[in-house]
Trainee: 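Right, I'll just put the structure down here and ask away after.
Since this is a predicted model, take the numbers as computed values, not measurements. Worth knowing before you read on, the calculation uses all heavy atoms, side chains too, and leaves out hydrogens, waters and symmetry mates.
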Amino acid sequence: MNASFDGNKIIDLLESNKEYPYYAAEKRIDLFFTFFIETILSEYFKTKVIFVAPEFPIKHTSTNRTDNADMLCVIVSTGQPIYVELKTDSRSFKSSQFESYIKRSESWSDSIAGLRSLVANTTSYNRVKFFHLMQSLVLNNLAYYNSYDASFEVRIMNLLSAESVNEKSERSRLIKQLSSTLECKWKGQAKVLYVAPSSVINSIHSRFDSEKVDLLEFSKIREDVPGTSAMYSKFVKFLHGIA
């Protein structure tokens, strides 16, 4: 087999493999979808949307359990966050998850407060990952540090590759301290967007109040967006073929 990378051939492989009984297409499609998400959502919302982070953790109120949105994006013109869920068939759709997203999207401020709590209660190793998430939120104007000190941030950056126990402990302490100052910029609710085939979209329409969520059917994703590549068009055609 030729080992050179060819995105078009990988899409062909996805299309072939999804016909097999235990193939989890959603996990494989996710990478391509993330690659094209800004184009897809900017076209859908008719305004610029940018990708912020994958698997954004939305903390439950009374525990440290989370629902992780597949992608977090933001509408640039307003600063409103978007929780994006990608589904490839009805088997992966969970009513409890859907209802949880709707409930927890009502306050972006609560999501940021939940994030602070998660950082405070996680391991030293995971705090480094949360630091990268917080930095992305700040960079994309979804949050800010309310007592910002650039030198403080530099100290953390210098310790990211720390190897000694003392340095790792100091890094963890600094990230926890920095997270306690994290505040939201957007003061309203987040959008929730499900991107899925017609079978899932129709099920949502029939069982839930769909006015509280945006629903984008695979077949409605525009294939001929100006300035996009042949690989984008091929991927969208692939999505169109998923019922």
Trainee: Between Leu160 and Arg171, which heavy-atom pair has the shortest distance, and what is it?
Mentor: O-NH1, 3.1 Å
Trainee: Would a 4.5 Å heavy-atom cut-off, applied to side chains only, mark Phe56 and Leu137 as touching?
Mentor: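 Phe56 reaches Leu137 side chain to side chain.
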Trainee: Is there side-chain contact between Glu85 and Phe93, with heavy atoms separated by less than 4.5 Å?
Mentor: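 When only atoms from C-beta onward are counted, Phe93 and Glu85 do not touch, as no gap falls below 4.5 Å.
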Trainee: For the CZ atom on Arg65, are there more than 12 heavy atoms of other groups (residues, nucleotides or ligands in this structure) within a distance under 6.0 Å?
Mentor: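 Open.
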Trainee: Side chains of Leu178 and Leu182, heavy atoms from C-beta outward: is any pair under 4.5 Å?
Mentor: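 The answer is no, as the side chains (C-beta and beyond) never meet within the 4.5 Å cut-off.
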Trainee: Measure the spacing between CG of Asp110 and CD1 of Ile58 and express it to the nearest 0.5 Å.
Mentor: 11.5 Å
Trainee: What pairs of residues pass the ring-ring contact (aromatic ring centres under 6.0 Å, His included) test when at least one of them lies in residues 161-184, not counting sequence neighbours?
Mentor: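 Residue pairs with at least one partner in residues 161-184: there are none.
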Trainee: So Tyr101 and Tyr83, would you call those rings parallel, tilted or perpendicular, with 30° and 60° as cut-offs?
Mentor: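 Correct class here is tilted.
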Trainee: May I ask you to check whether over 12 heavy atoms, not counting those of Phe35, lie within 6.0 Å of atom CZ?
Mentor: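 Result for CZ/Phe35: open.
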Trainee: For Glu217 and Ser198, work out which heavy atoms get closest and say how close.
Mentor: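 For Glu217 and Ser198, the tightest heavy-atom pair comes out as OE2-CB, 3.3 Å.
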Trainee: Are the aromatic rings of Tyr194 and Phe98 close, with centres under 6.0 Å apart?
Mentor: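 Yes; Phe98 has its ring centre under 6.0 Å from that of Tyr194.
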Trainee: To the closest 0.5 Å, what do you measure between OG1 (Thr123) and NZ (Lys129)?
Mentor: 10.0 Å
Trainee: With side chains defined as the heavy atoms from C-beta onward, is the minimum distance between Thr122 and Leu118 less than 4.5 Å?
Mentor: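 Answer no - side chains too far apart.
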Trainee: Under the 3.5 angstrom rule, does the side chain of Ser180 hit a backbone N or O of Gln177 as a donor-acceptor pair?
Mentor: yes
Trainee: Quick check: does any side chain N or O of Ser109 sit under 3.5 Å from a backbone N or O of Lys187, one acting as donor and the other as acceptor?
Mentor: no
Trainee: Would you say the side chain of Asp214 lies within less than 4.5 Å of the side chain of Ile82, judging by non-hydrogen atoms?
Mentor: no
Trainee: Which heavy atom of Val84 sits nearest a heavy atom of Cys73, and at what distance?
Mentor: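 It is CG2-SG, 4.1 Å.
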Trainee: Please report the C-alpha distance between Phe152 and Ser147 in whole Å, then the side-chain angles of each, then the deciding distance to 0.1 Å, and finally whether the side chain to side chain contact (heavy atoms under 4.5 Å, CB included) criterion is met.
Mentor: CA-CA 10 Å; Phe152 193 87; Ser147 55; over 6 Å; no
Trainee: Quick one: pull up CE in Met134 and CG in Leu139 and give me the separation to the nearest 0.5 Å.
Mentor: 13.5 Å
Trainee: Drop me the distance from Ile204's CD1 to Lys87's NZ, to the nearest 0.5 angstrom.
Mentor: 9.5 Å
Trainee: Answer yes or no: is there a donor N or O on one side and an acceptor on the other, between the side chain of Asp70 and the main chain of Leu86, under 3.5 Å?
Mentor: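 Yes, because the side chain of Asp70 sits within donor-acceptor range (under 3.5 Å) of the backbone of Leu86.
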Trainee: What are the two closest non-hydrogen atoms of Gly114 and Lys59, and how far apart are they?
Mentor: O-CD, 3.4 Å
Trainee: Listed by chain and number, what are the salt bridge (charged side-chain N to carboxylate O under 4.0 Å, His left out) partners of Lys234, not counting sequence neighbours?
Mentor: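 Lys234: salt bridge (charged side-chain N to carboxylate O under 4.0 Å, His left out) contacts with Asp12.
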Trainee: Apply salt bridge (charged side-chain N to carboxylate O under 4.0 Å, His left out) to Lys176 and list each qualifying residue two or more places apart in sequence or on a separate chain.
Mentor: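 Lys176 satisfies salt bridge (charged side-chain N to carboxylate O under 4.0 Å, His left out) with no residue once adjacent residues are dropped.
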Trainee: Supply the atom-to-atom distance Ile75 CD1 to Phe45 CZ, rounded to the nearest 0.5 angstrom.
Mentor: 5.0 Å
Trainee: Side chains of Asp30 and Met71, heavy atoms from C-beta outward: is any pair under 4.5 Å?
Mentor: yes
Trainee: Would you call Ile29 and Ile242 a side-chain contact if the rule is heavy atoms closer than 4.5 Å?
Mentor: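 Result yes, sub-4.5 Å side-chain heavy-atom pair found.
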Trainee: Taking atom OG1 of Thr63 and atom CG of Asn121, what is their separation to the nearest 0.5 Å?
Mentor: 11.0 Å
Trainee: Using atom types as modelled and distance alone, determine if a side-chain donor or acceptor of Arg127 lies under 3.5 Å from a backbone N or O of Val119.
Mentor: yes
Trainee: Quick check: closest heavy atoms across Leu133 and Ala53, and the distance to 0.1 Å?
Mentor: CD1-CB, 3.6 Å
Trainee: Would a 4.5 Å heavy-atom cut-off, applied to side chains only, mark Ile221 and Tyr44 as touching?
Mentor: no
Trainee: Counting only N and O atoms by type, is there a donor-acceptor contact under 3.5 Å from the side chain of Ser105 to the main-chain atoms of Ile102?
Mentor: yes
Trainee: Yes or no on side chain to side chain contact (heavy atoms under 4.5 Å, CB included) for Phe131 and Leu174, after CA distance, side-chain angles and deciding distance?
Mentor: CA-CA 10 Å; Phe131 173 70; Leu174 291 172; over 6 Å; no
Trainee: Looking only at side-chain N and O atoms, does Ser164 offer a donor or acceptor that is under 3.5 Å from a partner on Asn166?
Mentor: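 Asn166 vs Ser164: no donor-acceptor pair found between side chains.
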Trainee: Quick one: closest heavy-atom pair of Ala196 and Ile201, and the distance?
Mentor: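 In this case the closest contact between Ala196 and Ile201 is O-CG1, 3.7 Å.
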Trainee: How far apart are the C-alpha atoms of Val195 and Leu239, what are their side-chain angles, what is the distance that settles it, and do they pass the side chain to side chain contact (heavy atoms under 4.5 Å, CB included) test?
Mentor: CA-CA 10 Å; Val195 188; Leu239 292 179; over 6 Å; no
Trainee: Does Trp186 use its side chain to pair, donor to acceptor, with the backbone of Gln189 at less than 3.5 Å?
Mentor: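 Side chain of Trp186 to backbone of Gln189, a donor-acceptor pair under 3.5 Å: yes, one is there.
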